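For clarity, every value in this text was computed on a predicted model and none was experimentally measured. Below, read A as the first sequence line, B as the second, and so on, with proteins coming before strands; counting in each chain starts at 1.
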Amino acid sequence: MEAEDGNGANIDALVAELRSRVEERRRAGAYPPGLEEDLDAHFGRILVHRVAAPDLAELKAKLGELDNRHFDPKAIQTASGLPGGGRVHRAVGKVVGRQTVGILDQVRDFADNVRDVLKRMVVTLEDPRGHVHHDLVGQFDAIFERLAIYEQASVDSPGAVADLRLRMEQLEELERRRRFRPWFRNDRFEEEFRGSKEDLLDRYRDLAQHFVGSGPVLDIGCGRGEFLELLRDSGVEASGVELDPELAKAASEAGLDVSHGDGLSVLAGAPDESLGGISLIQVVEHLTPQQVLELVLLTKDKLRPGGKVVVETVNPQSLYVFAHSFYLDPTHAQPVHPNYLTFLFREAGFDGVAIDWRSPPSADESLAESDSSDPADAASNENWRRLNRLLFAPQDYALLAIR
Amino acid sequence: MAIHQLLVSASPDDAITNAAIELRTLLRRVGPSEIYARFYDPVLGGDVKALSRYGSGRPAEDLIIFHASIGDPEIFLFLRERSERVVLMYHNMSPAESFEPFDPAFAGLLAAGRRDLALLTERVTMALAVSEFNARELEGLGFRDVRVSPLIIDVERLRSRPSEPATEHHLETGIAGPILLFVGQLLPHKRPDLLIKAYHVLVTHLLPEARLILVGPNRLPRYQQALQSFVQELNLPGAWITGSVSASQLVTFYRHADTFVTASEHEGFCVPLVEAMAFDTPVVARAHAAIPDTLGGAGLLLPPDEDPFLLAEAMAAALTDEKLRSALVDAGRRRVGDFDADRARMAALNNLLDVV
């Protein structure tokens with residue numbers, strides 16, 4: 001905008017622009033309706049109070065003057081300017097005076113009362129507590145209460161809002177940095193560390209058999225879809241859900257019924273008692289304790305009576321697991337103890353909760369016992385066995401339960 | 001031959017008093033010249049004499065320049081009884097109605113002033129007005145041959161005055177956010193209430209960090225109290241009503257203001273507009289009375305209607321739109337050039353010479 005040459009033409013354009021801004025804000029509801037009228041009325045009220053407020057000092061002075069005025073029968077005029085009229089006047093005055101005394105007394109009594117009432121009114125006026133209307137007091141209380149809320153909520157002040165925004169940004173940045181965002185592809189990771197497709201098919205074939213006759217099955221965290229393939233090959237109707245978009249896409253492209261998403265949400269969205277089976281292969285060790293709790297209840301809701309659930313996960317009772325596989329996957333949150341998981345499913349009302357111990361470390365990993373018949377060797381062999389049980393317990397377990 | 005000036009009241013840093021002192025410097029080059037006032041601040045003792053000391057028996061060719069800005073029965077009586085020729089210099093009078101509820105006596109003086117002024121039409125040799133607006137008003141009262149003689153405003157002197165350190169410190173360290181400045185007496189016709197309403201809209205909906213400083217003497221205590229209450233009840237801690245300030249404080253405020261704003265509806269000239277422009281401060285005002293003449297297109301002049309939303313929007317634009325700001329500052333600088341003090345002195349002198 002230019003204010004060149006003082007010709008005002010550009011200023012007129014600017015004023016028109018300013019007017020349209022006002023209109024836009026009005027239309028967008030930025031200004032409370034009636035704000036202008038409220039402001040006018042507000043200042044008007046203040047002016048009335050400041051300018052037209054009664055002057056109490058003046059009122060009191062006038063009241064004091066009233067106090068000095070008395071009704072007196074002697075004030076009745078008895079003198080007369082007429083020659084010889086004085087006597088007549090006095091006589092008439094006396095008679096009138098006598099008859100007026102009673103009325104004067106009444107007037108005096110009335111005036112005293114009025115004076116008293118006026119005095120009390122001035123005193124009341126002077127003390128604001130005395131002349132504030134009850135309704136008004138109630139309204140003030142309500143306003144003060146609302147005001148207190150705003151004053152306490154210092155977040156409303158522009159500075160505090162700015163602070164808050166900054167803190168939010170800092171927290172979001174912190175959260176962004178904490179979040180695991182691998183630049184590598186998850187399918188590459190799976191190939192490298194979870195073994196070949198054939199290995200996996202071999203490893204889980206028996207678990208898939210478990211679901212024969214129990215379709216439809218939802219495989220949560222289906223990964224590349226090996227378990228779904230096993231189910232399909234066994235003639236079990238099944239679908240899967242996978243959090244990683246690449247893996248989900250790969251499984252879809254392989255012709256499997258797989259959607260991309262959060263397993264717990266998908267499960268929660270399924271109609272109650274709509275599933276014959278639910279499988280979670282190497283999933284629960286990625287969840288928070290609370291998610292595990294929710295998962296158990298959800299499986300209970302979504303399985304129809306007689307439906308089956310299989311939860312396969314790493315076995316924390318095997319110390320070998322921690323040395324070899326558990327920490328290999330940075331997205332593992334915490335292992336879930338088989339006794340705890342058993343407890344959860346039983347508490348949730350599942351029947352036939354059983355544990356299937358799986359993937360024992362190969363025998364040549366364990367500590368070798370001596371074959372001599374020396375009693376000392378026998379004792380140490382027993383120790384080796386104990387140590388082997390602790391160190392080389394099966395690496396995984398599968399919890400099987402029936403609703 | 002002597003040329004004397006007559007004022008109803010004289011006080012330091014008052015625009016009319018300053019103009020009279022300026023003019024006297026000029027007149028003394030020609031001959032004896034004094035300033036007489038009915039009421040004056042004792043601080044001005046050396047500069048202003050009491051009206052009662054204006055002796056009788058002066059030569060009839062002497063000239064009296066009467067600065068009219070308010071009524072005073074004594075002065076009008078004095079003028080009617082004297083035989084010297086009279087030049088009227090009209091600075092306009094505030095509208096009586098706006099004082100009526102607060103100061104009926106003062107309102108009476110203003111009303112009487114206008115009536116008395118009309119009685120002077122035959123008495124004055126020449127009528128001078130400081131603005132076109134005032135000239136039209138004089139013509140309306142029946143004066144003929146009304147000439148416009150701009151007020152002598154020495155902006156150079158104002159600009160060279162150093163800032164007042166305490167005020168400067170407060171403005172620099174105690175106040176964050178852009179500053180809107182109003183300078184003028186807090187009188188109802190200057191509409192400080194509208195300014196506060198617009199400021200309320202501004203900080204609530206447009207520019208929360210903006211500040212408003214109202215600088216000027218408080219002539220009507222009850223009205224100022226009402227404004228103060230209004231500010232408090234609207235919860236506007238960013239608004240500051242300073243009351244009277246010294247000339248050094250005034251220039252400090254001008255130097256730190258980001259925008260000068262007035263909502264006034266009656267001004268005979270409005271010196272603060274010129275002063276603000278002299279300090280490179282963009283001006284926002286409403287098109288009332290002499291304001292459009294004085295601004296001469298150099299400010300953001302809003303239409304005369306009473307719209308706090310439009311005023312708020314204009315304040316926001318004048319504070320934040322850098323392009324607009326620099327255009328207003330440039331235009332302001334050029335406009336201040338039109339009020340060159342030497343040119344105003346020449347004009348005043350030329351007009352007076354015509355009479356002499």
Side-chain angles (χ1 to χ4, degrees), chain A residues 1-53 55 140 143-144 146-148 150-151 154 156-162, chain B residues 101-102 176-177 188 193-194 196-198 200-201 203-206 208-209 220-230 232-235 282 287 292 295-303 306-314 316-317 321 323-332 334-335 338:
Chain A
M1 294 286 167
E2 304 282 327
E4 293 294 332
D5 307 327
N7 59 21
N10 295 309
I11 289 296
D12 288 348
L14 174 59
V15 169
E17 155 80 17
L18 294 176
R19 268 199 204 286
S20 69
R21 272 186 223 170
V22 171
E23 274 319 303
E24 255 169 56
R25 282 188 221 278
R26 259 195 234 272
R27 267 201 301 278
Y31 297 133
L35 175 60
E36 194 175 346
E37 293 76 10
D38 283 351
L39 287 170
D40 289 346
H42 188 162
F43 190 60
R45 272 197 303 277
I46 292 175
L47 279 185
V48 168
H49 291 151
R50 289 287 176 282
V51 179
D55 190 338
F140 270 129
I143 289 168
F144 286 141
R146 284 169 63 183
L147 193 63
Y150 285 115
E151 280 172 350
S154 58
D156 280 357
S157 76
V161 169
Chain B
F102 305 97
D193 60 316
L194 180 56
I196 292 169
K197 286 170 195 169
H200 171 75
V201 173
V203 292
T204 312
H205 301 285
L206 305 175
E209 66 272 28
L220 299 172
R222 281 187 162 195
Y223 186 65
Q224 177 165 354
Q225 277 168 23
L227 291 174
Q228 197 70 60
S229 300
F230 197 34
Q232 273 163 13
E233 288 173 25
L234 289 175
N235 189 24
L295 277 181
L300 173 39
L301 187 69
L302 299 175
E306 179 172 343
D307 183 348
F309 298 102
L310 183 65
L311 187 50
E313 207 70 62
D321 183 340
K323 214 172 150 199
L324 172 68
R325 287 180 62 78
S326 64
L328 289 174
V329 168
D330 286 347
R334 282 195 297 275
R335 183 59 179 155
D338 298 339

Query raised in the report: Between B:Leu194 and A:Phe43, does a side-chain contact (heavy atoms from CB on, under 4.5 Å) hold up when you go through it step by step?
Result: CA-CA 10 Å; B:Leu194 180 56; A:Phe43 190 60; over 6 Å; no
Report task. With sequence neighbours left out, write down each residue that passes side chain to side chain donor-acceptor pair (under 3.5 Å) with A:Asp38, or none if nothing qualifies. Result -> none
Report task. Keeping the roles fixed (side chain from B:Thr204, backbone from B:Val201), state whether a donor-acceptor pair exists under 3.5 Å. Result -> no
Query raised in the report: Of the backbone (N, CA, C, O) and the side chain (C-beta and beyond), which part of A:Arg26 lies under 4.5 Å from a heavy atom of chain B, both, or neither?
Result: side chain
Query - Contact origin within B:Leu206 toward chain A - heavy atom pairs under 4.5 Å - result: side chain
Report summary line: Cut-off 4.5 Å, heavy atoms of chain A, and the answer for B:Asp307 is both
Query raised in the report: To the nearest 0.5 Å, what is the distance between CZ (A:Arg45) and CG (A:Asp40)?
Result: 11.0 Å
Query raised in the report: When rounded to the nearest 0.5 angstrom, what is the spacing between CZ in B:Arg222 and CD1 in A:Ile46?
Result: 14.5 Å
Report summary line: Assert top hit (heavy-atom pairs under 4.5 Å, partner chain B, pool A:Leu39, A:Leu35, A:Val22, A:Val15) equals A:Leu39
Requested in this report: Just give me the residue among B:Leu302, B:Leu295, B:Leu234 that pairs up with chain A most often, heavy atom to heavy atom, under 4.5 Å.
Outcome: B:Leu234
